[in-house]
Protein chains: 2
Amino acid sequence: MATRTIAQRREDARTQYDAFLAGCPSRQLLARISDKWVALILAALGGDGPSSGDHCDDNPQPLRYSELSRRLAGVSQKMLTQTLRSLERDGLVDRIVTPTVPTTVTYRLTDLGLSLHHLMRGIKDWAELHMNDVLANRENYDLRDSGR
Amino acid sequence: MATRTIAQRREDARTQYDAFLAGCPSRQLLARISDKWVALILAALGGDGPSSGDHCDDNPQPLRYSELSRRLAGVSQKMLTQTLRSLERDGLVDRIVTPTVPTTVTYRLTDLGLSLHHLMRGIKDWAELHMNDVLANRENYDLRDSGR
DNA sequence: CAGGATCCCGCTAGATACTG
DNA sequence: CAGTATCTAGCGGGATCCTG
């Protein structure tokens with residue numbers, strides 16, 4: 001089991017899991033990470049400044065709990081904590097507690113989390129980038145629909 | 001307004017929309033596409049054969065409604081229809097009705113949908129690929145947690 | 001075959017209040 | 001500051017029945 005190449009392990013994982021199957025654990029994992037809060041948290045922890053250049057600059061800067069809740073406008077503490085916990089459990093983020101008074105807690109992406117971040121960031125960017133197209137498509141669709 | 005380059009339009013969209021903001025339409029769009037059924041439908045329509053090679057082969061093959069419901073094991077007709085409708089409305093899939101008896105309906109990705117598919121497929125693959133790591137991380141976390 | 005229409009349950013997001 | 005605990009309303013989503 002130790003004499004497997006990375007490519008072999010890749011193939012193993014591919015054949016072991018199939019998210020198209022209802023009972024497969026990877027389906028549940030897909031459902032977990034297919035979540036707007038997950039996308040936004042990963043984007044925030046991955047370093048997603050509004051003044052970022054056109055080519056992807058990665059500065060995975062750890063953020064404190066309060067900083068996260070400020071960036072993700074409208075998130076409830078419950079959802080933030082809950083989502084962070086599940087991400088921590090899955091090994092996507094590290095929770096670092098600094099024993100000051102009051103306690104300081106920062107979150108940072110693990111390597112695994114960073115690998116997912118690269119994908120999820122694309123999703124968020126896609127949404128912002130194609131918003132206008134989607135809006136236009138919806139208008140067309142609704143007009144057609146009301147016309148007939 | 002017609003004399004904008006693609007790069008300029010990119011910048012416009014970036015500055016116009018920000019999914020971190022609660023009221024922004026792109027946040028809603030992000031929530032829409034951050035959905036396991038969306039991920040699976042796009043993956044299915046994008047051509048995601050289990051016997052695919054190691055380098056991404058794109059064969060965006062249109063699928064019929066019944067074929068989709070068979071591939072996405074466990075999906076209810078409601079969710080399938082509902083998700084397909086929203087994807088159609090947003091211009092991500094085309095719904096093609098062939099007036100046979102009984103009616104034949106096929107769904108295929110639009111160019112816009114295909115562009116999202118490339119990203120979403122990565123998410124699904126990531127879930128299957130890193131399932132074992134995540135499982136191990138969870139076990140560790142739960143052990144730690146019960147220990148203290 | 002490809003849905004539309006309903007009913008209804010569960011859970012989950014969100015608001016509020018409290019704590020170390 | 002960084003959460004936990006509790007409660008509730010709302011709706012996501014499944015089951016069922018029906019139609020062109």
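We name chains A, B, ... by the order of the sequence lines, and we start the count at 1 in each one.
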Q. For A:Asp90 and B:Tyr141, does a side-chain donor sit closer than 3.5 Å to a side-chain acceptor?
A. no

Q. Any luck finding a side-chain donor-acceptor pair between B:Thr104 and B:Tyr65 under 3.5 Å?
A. no

Q. What nucleic acid atoms does A:Gln82 come within less than 4.0 Å of, heavy atoms only: base, sugar-phosphate, or nothing?
A. sugar-phosphate

Could you please name the option among [options] that lies closest to any side-chain atom of [X]?
X: A:Val105; options: D:dG3, D:dC1, C:dG3; value: D:dG3
X: A:Ser66; options: D:dC1, C:dA13, C:dA2; value: D:dC1
X: A:Arg85; options: C:dG3, D:dT4, C:dA2; value: D:dT4

Are [X] and [N] close enough that a side-chain N or O sits under 4.0 Å from OP1 or OP2?
X: A:Tyr107; N: D:dG3; answer: yes
X: B:Arg95; N: C:dA2; answer: no
X: B:Arg64; N: C:dC1; answer: no

Atom-to-atom span, [atom1] of [X] to [atom2] of [N] - whole angstrom:
X: B:Glu88; N: C:dG3; atom1: CD; atom2: C1'; answer: 13 Å
X: B:Ile96; N: C:dA2; atom1: CD1; atom2: P; answer: 13 Å
X: B:Leu72; N: C:dG3; atom1: CG; atom2: P; answer: 14 Å
X: A:Leu84; N: D:dT4; atom1: CG; atom2: P; answer: 10 Å
X: A:Leu68; N: D:dA2; atom1: CG; atom2: C1'; answer: 12 Å
X: A:Ile41; N: D:dA2; atom1: CD1; atom2: P; answer: 14 Å

Q.
With heavy-atom distances below 4.5 Å as the criterion, would you say the side chains of B:Leu29 and A:Trp126 are in contact?
A. yes

Q. Is there a side-chain contact between B:Val75 and B:Thr83, using heavy atoms and a 4.5 Å cut-off?
A. no

Q) Of the options A:Leu45, A:Leu63, A:Ile41, A:Asp94, which is the one that meets A:Tyr107 in a side chain to side chain contact (heavy atoms under 4.5 Å, CB included)? A) A:Leu45

Do NZ/NE/NH1/NH2 and the carboxylate oxygens of [X] and [Y] come within less than 4.0 Å?
X: A:Arg138; Y: A:Asp142; answer: no
X: B:Arg27; Y: B:Asp18; answer: no
X: A:Glu67; Y: A:Arg71; answer: no

Q: Work out how much the helix from C:dC1-D:dG20 to C:dG20-D:dC1 bends between its end axes, five pairs an end, to the nearest 10 degrees.
A: 60°

Q: Name all residues meeting the side-chain hydrogen bond (donor to acceptor under 3.5 Å, both in side chains) criterion together with B:Thr98; count only those two or more places apart in sequence or in a different chain, and write none if there are none.
A: none

Between N or O atoms, less than 3.5 Å apart, protein on one side and nucleotides 14-16 of chain D on the other: list the pairs.
{"residue": "D:dG14", "atom": "OP2", "partner": "B:Ser76", "partner atom": "OG", "Å": "3.0"}
{"residue": "D:dG14", "atom": "O6", "partner": "B:Lys78", "partner atom": "NZ", "Å": "2.6"}

